[in-house]
A.B. asks: 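Take a look at this one; I'll ask things after.
Here, residue 1 is the first one in the sequence, and each next residue gets the next number. Please read all numbers here as calculations on a predicted model, not as lab measurements.
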Amino acid sequence: MKSPRFFWSANFHKESFESARVRLTIIYTLILTAVLIFFSMIIYGFAMSEVYDRVKDVRIQLREEYAFLMQPETVIVIDTDALNKARKNIILRLVAANSLILLVTALGSYYLAGRTLYPIHQMTLRQQEFIANASHELRTPLTAIMTSNEVALRDPQLNLASAKETIKDSLDEASRLQRLIHNLLLLASAESEVEIPTQVVELHHLVNASIAKVQNKAQEKNILITNQTEAISATLNPDLTIEVLVILLENAIKYSSAGQQVQVQAQTRKQHTLLTVTDQGIGISKTDQQYLFERFYRAEASRSSEGFGLGLAIAQQLMQLQGGQISVQSRPGKGSTFTLTFLNL
Ligand code: ADP
């Protein structure tokens, strides 16, 4: 379901992810090389001073053992080849050990750099996808407004009726834009919030308040919404929960046929309270259910109806802000049940 725009940017990001990973690996390895060189020099210094100490000992020993052969001014010459060989050996061993350490740590760094960058990479991808989708959705109504107005302006025989038609279409597109911008702002503000106050709320009134907000749309389609939530309370944020319920009820209306019914029910369990919105509408396939809560995702079956695919993503974020969850159960052709879970505190 990825757009070509997104595919291009995903590839671009894959390349920049790889190059960032390699760069990070090089940085890790360079730092380690500097540390290894520093310690190798210290080890080399110690090893060579050990060698010279041994040479000194040997000189003393020789002088003691062969004192009867030597004059006080006799100089004991040590084989410099052997000394050089010892030095070479120390250097060779240090180089071999360091190369091995560097090789192992370069591989380890590559792996660690991947693990460090992966969440950032995923976040960037999601952000990129979101921006691509949002710009596409914003551009579509704008293009429609511009095109219809340009055509109307160029028409020398434009009469009042067609002018009104063009204005009406433009207003429809403008209100679509307004809704989209409202949704985008809601998502952005929900993302920046950290903690939201919750309180114990009686569900029946809350559900009634939500139903009242969608009643006109329900009546237009002759859909009856029933509230079966008497005498149950939950710990939640009332404003956010009403937003979520309105999203679910609007969807239930949108994806149901005229004359069908929608039910809102509640159940209390030991540790949580469940609030469900059930419709008898078109239902959702198992495959679509996996992606429903992603931003801009719309199931193929619902493309003909109006929407941006942002409602459920917003609902999920608003639920998470209250420490709650949202889930779906559905069968294509039979209807869907969306469940809100609130923790009993
Ligand atoms: P929108 O409804 O604006 O497309 P949503 O994020 O609210 O966006 O929903 C995402 C998709 O989930 C919809 O496009 C639709 O395919 C599916 N969906 C949501 N609610 C229902 C429902 N009650 N019945 C059937 N499909 C639904």
Side-chain angles (χ1 to χ4, degrees), residues 1-13 15-16 124-192 213-223 243 246-258 281-282 284 288 291-315 317-318:
M1 214 44 64
K2 308 283 181 211
S3 64
R5 285 183 320 276
F6 176 67
F7 186 70
W8 174 83
S9 78
N11 268 353
F12 173 75
H13 272 280
E15 274 171 33
S16 58
T124 320
L125 274 184
R126 276 204 301 275
Q127 204 72 17
Q128 197 73 27
E129 184 180 8
F130 177 68
I131 292 168
N133 284 327
S135 356
H136 174 73
E137 292 293 339
L138 286 167
R139 207 181 302 129
T140 311
L142 270 180
T143 312
I145 292 172
M146 284 170 69
T147 314
S148 61
N149 279 279
E150 275 166 13
V151 170
L153 260 183
R154 269 198 237 110
D155 181 359
Q157 267 114 45
L158 183 74
N159 58 35
L160 189 63
S162 354
K164 277 191 169 174
E165 185 69 21
T166 308
I167 293 171
K168 189 187 162 298
D169 289 348
S170 299
L171 279 176
D172 285 348
E173 291 298 339
S175 77
R176 192 177 141 80
L177 263 180
Q178 200 176 33
R179 278 199 308 280
L180 175 60
I181 290 166
H182 168 79
N183 281 342
L184 291 175
L185 288 177
L186 206 64
L187 259 182
S189 64
E191 266 185 359
S192 59
K213 287 183 182 260
V214 300
Q215 201 55 269
N216 282 348
K217 286 183 183 164
Q219 275 165 1
E220 274 169 26
K221 269 182 100 171
N222 190 26
I223 285 176
E243 285 275 3
V246 168
I247 290 170
L248 297 184
L249 290 170
E250 280 185 347
N251 278 349
I253 297 167
K254 200 158 57 174
Y255 301 115
S256 292
S257 305
I282 59 170
I284 306 155
D288 286 326
Y291 306 107
L292 280 194
F293 298 97
E294 285 182 13
R295 298 149 167 196
F296 291 108
Y297 188 83
R298 304 202 71 206
E300 209 61 52
S302 53
R303 291 289 163 95
S304 52
S305 62
E306 232 203 35
F308 303 109
L310 285 176
L312 290 179
I314 293 172
Q317 275 202 343
L318 298 185

A.B. asks: What is the distance from atom CD of E243 to atom NZ of K213, rounded to the nearest 0.5 Å?
C.D. replies: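 Nearest 0.5 Å value for the CD-NZ distance: 7.0 Å.
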
A.B. asks: Test of understanding: with salt bridge (Lys or Arg N to Asp or Glu O under 4.0 Å), list the residues that count as partners of K168, not counting sequence neighbours.
C.D. replies: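 Per chain and number, K168 pairs via salt bridge (Lys or Arg N to Asp or Glu O under 4.0 Å) with D172.
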
A.B. asks: Would you check if L184 and F130 make a side-chain contact, meaning some heavy-atom pair closer than 4.5 Å?
C.D. replies: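 Result yes, sub-4.5 Å side-chain heavy-atom pair found.
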
A.B. asks: Can you list the residues that meet the salt bridge (Lys or Arg N to Asp or Glu O under 4.0 Å) rule with D155, with sequence neighbours excluded?
C.D. replies: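 Here no residue qualifies.
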
A.B. asks: Measuring from L142:CG to R139:CZ, what's the distance to the nearest 0.5 Å?
C.D. replies: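 Spacing of CG (L142) from CZ (R139) equals 9.5 Å.
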
A.B. asks: Could you check whether any side-chain N or O of S162 sits under 3.5 Å from a backbone N or O of L158, counting only pairs where one atom can act as donor and the other as acceptor?
C.D. replies: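 No.
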
A.B. asks: According to side chain to side chain donor-acceptor pair (under 3.5 Å), who are the partners of E173, at least two apart in sequence or on a separate chain?
C.D. replies: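 For E173, no residue satisfies side chain to side chain donor-acceptor pair (under 3.5 Å) once neighbours in sequence are set aside.
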
A.B. asks: Using a 4.5 Å cut-off on heavy atoms from C-beta on, say whether the side chain of Q219 contacts that of N216.
C.D. replies: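 Yes. Closest side-chain heavy atoms under 4.5 Å.
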
A.B. asks: Residues in salt bridge (Lys or Arg N to Asp or Glu O under 4.0 Å) with E137, at least two apart?
C.D. replies: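 E137 satisfies salt bridge (Lys or Arg N to Asp or Glu O under 4.0 Å) with R176 once adjacent residues are dropped.
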
A.B. asks: I need the single residue from T166, I167, L153 that forms a side-chain contact (heavy atoms from CB on, under 4.5 Å) with S148. Which is it?
C.D. replies: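 By the side-chain contact (heavy atoms from CB on, under 4.5 Å) criterion, S148 pairs with just one of T166, I167, L153: T166.
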
A.B. asks: Kindly compute the distance separating NZ (K164) from CG (D169), expressed to the nearest 0.5 Å.
C.D. replies: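 Separation between the atoms: 14.0 Å.
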
A.B. asks: A quick test of your reading: do over 12 heavy atoms of other residues, nucleotides or ligands sit less than 6.0 Å from CZ of F293?
C.D. replies: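 For F293, atom CZ is crowded (more than 12 foreign heavy atoms under 6.0 Å).
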
A.B. asks: With the side chain counted from C-beta on, respond yes when L310 and L180 share a heavy-atom pair under 4.5 Å apart, and no when they do not.
C.D. replies: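 A side-chain contact under 4.5 Å exists here.
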
A.B. asks: Under 3.5 Å, sequence neighbours excluded: what are the donor-acceptor pairs made by side chains of residues 248-256?
C.D. replies:
| unit_1 | atom_1 | unit_2 | atom_2 | d |
| --- | --- | --- | --- | --- |
| E250 | OE2 | K217 | NZ | 3.0 |
| K254 | NZ | E306 | O | 3.0 |
| Y255 | OH | R298 | NH2 | 3.1 |
| S256 | OG | A252 | O | 2.5 |

A.B. asks: Is there side-chain contact between E129 and F296, with heavy atoms separated by less than 4.5 Å?
C.D. replies: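 Result no, sub-4.5 Å side-chain heavy-atom pair not found.
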
A.B. asks: List the atom of A299, the atom of D288, and the distance in Å for their closest heavy-atom pair.
C.D. replies: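 Reported closest heavy-atom pair: CB-OD2, 3.3 Å.
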
A.B. asks: For the CG atom of N133 and the OH atom of Y297, what is their distance to the nearest 0.5 Å?
C.D. replies: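 Rounded to the nearest 0.5 Å, the CG-OH separation comes out at 12.5 Å.
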
A.B. asks: Does atom CD of Q178 have more than 12 heavy-atom neighbours from other groups under 6.0 Å away?
C.D. replies: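 No, because the 6.0 Å sphere around CD of Q178 holds 12 heavy atoms or fewer from other groups.
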
A.B. asks: Would you name the heavy atoms of Q317 and A190 that are closest together and state the gap between them?
C.D. replies: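 Nearest heavy atoms, Q317 then A190: OE1-CB, 3.5 Å.
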
A.B. asks: Which residues pass the side chain to side chain donor-acceptor pair (under 3.5 Å) test with N149, sequence neighbours left out?
C.D. replies: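 Per chain and number, N149 pairs via side chain to side chain donor-acceptor pair (under 3.5 Å) with S170.
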
A.B. asks: Rounded to the nearest 0.5 Å, what separates atom CD1 in I314 from atom CD1 in I247?
C.D. replies: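 Here the interatomic distance stands at 5.0 Å.
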
A.B. asks: In Å and rounded to the nearest 0.5 Å, what is the CG to CD1 distance from L186 to I181?
C.D. replies: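 Reported to 0.5 Å precision, the distance equals 13.5 Å.
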
